[in-house]
2 protein chains.
Amino acid sequence: MALPSTDTSRLDNTLAVIRTLRDQGPVARIDLGTLNGISSATVTSISAELLQQGLISERPPEAPRPTGRGRPKTLIELDPNAACVVCIKLSINEIQLVVGDFSGQVRHSEHHAVTTLALSADDLEALLEEKISAVCALQLKGFQRLAGICLAVQGVVSSQSGTIIWSPALSFRNAPISARLAERFHCSVLLENDANCIASVLAAQPDYADCPNLVVIMLGYGIGMSVLINGVPFLGANGSAAEFGHSKYQPDGALCACGRRGCIEAYASDYALYRAAADHLALPPGDSAHPSEQQMQALTQLALQGDSVAQEIYAEAGRALGVGIANVLALFNPDLVLITGSGVRGFDAMQAAMHSTLNEALVAELMGTTRIESCAWDRDMTCMGGIAMALNATDGETLLDSQAKSGSATCL
Amino acid sequence: MALPSTDTSRLDNTLAVIRTLRDQGPVARIDLGTLNGISSATVTSISAELLQQGLISERPPEAPRPTGRGRPKTLIELDPNAACVVCIKLSINEIQLVVGDFSGQVRHSEHHAVTTLALSADDLEALLEEKISAVCALQLKGFQRLAGICLAVQGVVSSQSGTIIWSPALSFRNAPISARLAERFHCSVLLENDANCIASVLAAQPDYADCPNLVVIMLGYGIGMSVLINGVPFLGANGSAAEFGHSKYQPDGALCACGRRGCIEAYASDYALYRAAADHLALPPGDSAHPSEQQMQALTQLALQGDSVAQEIYAEAGRALGVGIANVLALFNPDLVLITGSGVRGFDAMQAAMHSTLNEALVAELMGTTRIESCAWDRDMTCMGGIAMALNATDGETLLDSQAKSGSATCL
DNA sequence: ATATTTATTTTAGCACCTAAAGTAAATAAA
DNA sequence: TTTATTTACTTTAGGTGCTAAAATAAATAT
């Protein structure tokens, strides 16, 4: 009689099982029960369904069995080919496409140089369609479905409405990109800020498991930030929260790329550091408005080797960061502030000034127990985060889809 | 067989019914169903239980019946005497005690002048015990139980651990007050920041129903703030989030009560305004470090009547607020910033400078659709918020308690 | 009086979950 | 080589809680 189920526990438990398998790899039924606080009888029932739907498979028992006594565990794992997701990272003059499988593994990655600032909204859409189609045609053999697409873009995006509100990589604004891609590829399209993707990956690392309130500051050409509250990215009303780079250091200070004055970014970003240095120091040639990695490394070297002009430039950047972080601590009181991004290359030259400014700015009660740490920028984890977020967002649909295909053939 | 129920839907639905009755007053079963998305059959079942437990009663049908056709609605209402809560507001040199009943109505309120800064932690605990005991003895006749106590204090508190970390009203720190009161009165004790109590009341008003992300700034002797994210107060890792008053305006600016320099509070709080004015203007006599309402009104009058020194003092305060709010918008991107507190008396004299500073500081994309409004400070709503929060926090316990008493006499 | 309308309660049935009992599959011991 | 023990998984039996539909209650309109 009661058809529309109001009780979501079965769905919740099934999703929990899928996520545990994604995070931990192959797991036995009994452990899935313990890990998720459900009985093994329920796990049996859930895994039977998932098995029938083709979303998981039983791993054949291995030759070497280091298990002790008793019936050995039968490990269950996600079928990597049950679905896949694509993440596209959109940054200035470059787009990156990554394909991830249902188990969360990266299957393919490619980069394209594109003069993004020259694109119109239609151009961008056409370009994304083309690149996604191409990658699907080449890479998707064997996948049961394209579950979703994640667009990771620098700038202000509204995830809720799927609209790019403003991005430094684009010359147009307010582009409702998600809906159009969703229509084209018949899958859900997630629009995310790039910093939130990276922060999600970092937060999933065991080192930061005890920091549910995590702030990640990304230094680079510009300055971005992500605030995780209880592990989930804080977006604000329109998605423009956590714009640390445009919070203020000096009310009437240096000119920022945003057009206003005194933003933290106008002191501590690559372009700001290089701008302050260009007149006084001999640095490698190149576009001084968009300094190259080589140019920035040269500048950092000068500061670290004791050049007083370079040192003062980094010290001023450190003071700006110190004031900005003081405000972040006063307003968010996080467990940890993690400073990363390509700009951490110069962090050693900023650190002392940053900490002394911070300590001068805030009484101990407001510093609380917040740790301030930096994190080396080994590789760009944006797309890893995007893949993980896209999978998480689409598990429910994948489940429904496979139920429709296998289970209730009664519908036909 | 399955005794420990893992399904919380019955509890959730029961709490939803109780809260609807508290918010809306008497409601019929069928409307409780619609309002909470549950079937009227379930409401019948839940209300039968609550009726038996004595937490609600059926309101006798009224003489004038303006209803139309059909069987008339039987209205259900909370039994006000089913439980009560006490809220204590602790501020500098004053404590206020308010008693609220189970339906959320204020039953009693009293103020006491206390030199709070002279108290030790033990003194405070003894004082609170004495006052709460007294108020219970006098006011609690007829109440079935004291469900909870809410302590609303200015400053940094850790709700989680029940510890007052720092308060301008107290000369000691890190006082674990909740546990001791809970033990003494055998009820749960909620420790809250006063601004969060006020913001919760404001957020419940229909005018602000469309603002789940609400920032409330409280101007007064000091400057406080509360940030509601999806309607719930944001606390941060240790409860010291939202310390807007100590975010920065000028890195090396005016001296703040916290001991550091350049805080917003050092420009826009009552003490800061009065300090800036005291040397130049003739104002009513009194303690210039703790200006009275009369002194502040005199200063405000001067500014509004065109005195250029007073005007510049308020303009500078407005600029400080403007920069502070710019940072709040960049970092929180709320739906609405509401400025209130006794200090709004001078808001008209600050407003122009505040808005122009804000507009200069932030590009349109980051201003987003956030509204900035002020709200008259008619009366102190701290304790109303505390009562509401305490009731909400203790409904589950009240339910369990009454179940133990009435329903399952089988336990005996 | 009877029909109609609306509110509430009762009934019947479904979708979950869990504990306990049963079964399976291994190792250790006799 | 049986037999006992241990551990994992599955089946069974029973409970909670919800909903739709039917039944009942209590009004007004005809």
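A, B, ... follow the sequence lines: proteins, then strands. Residue 1 opens every chain.
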Let me know the distance between [atom1] of [X] and [atom2] of [N], rounded to the nearest Å.
X: B/Asp7; N: D/dG15; atom1: CG; atom2: P; answer: 16 Å
X: B/Arg71; N: C/dA3; atom1: CZ; atom2: C1'; answer: 18 Å
X: A/Arg29; N: D/dT11; atom1: CZ; atom2: P; answer: 10 Å
X: B/Arg69; N: D/dA26; atom1: CZ; atom2: C1'; answer: 13 Å
X: A/Asp31; N: D/dC9; atom1: CG; atom2: P; answer: 8 Å
X: A/Glu58; N: D/dT10; atom1: CD; atom2: C1'; answer: 12 Å
X: B/Glu49; N: D/dC18; atom1: CD; atom2: C1'; answer: 13 Å
X: B/Ile38; N: C/dT8; atom1: CD1; atom2: C1'; answer: 14 Å

Checklist entry - B/Ala83 and B/Ala147: which non-hydrogen atoms are nearest, and at how many Å? => result CB-CB, 4.0 Å
Checklist entry - Using purine N1 to pyrimidine N3 plus N6-O4 or O6-N4 for Watson-Crick, or N1-O2 and O6-N3 for G-U wobble, each under 3.5 Å, what pairs with C/dT18? => result D/dA13
Next on the checklist: What's the closest nucleotide to the side chain of B/Thr42 if the choices are D/dC9, D/dA25, D/dT19?
Outcome noted: D/dT19
Checklist entry - A/Asn13 side chain N/O closer than 4.0 Å to the phosphate oxygens (OP1, OP2) of C/dC16? => result no
Checklist entry - Taking everything shown except A/Gln205 itself, do over 12 heavy atoms lie less than 6.0 Å from its CD? => result yes
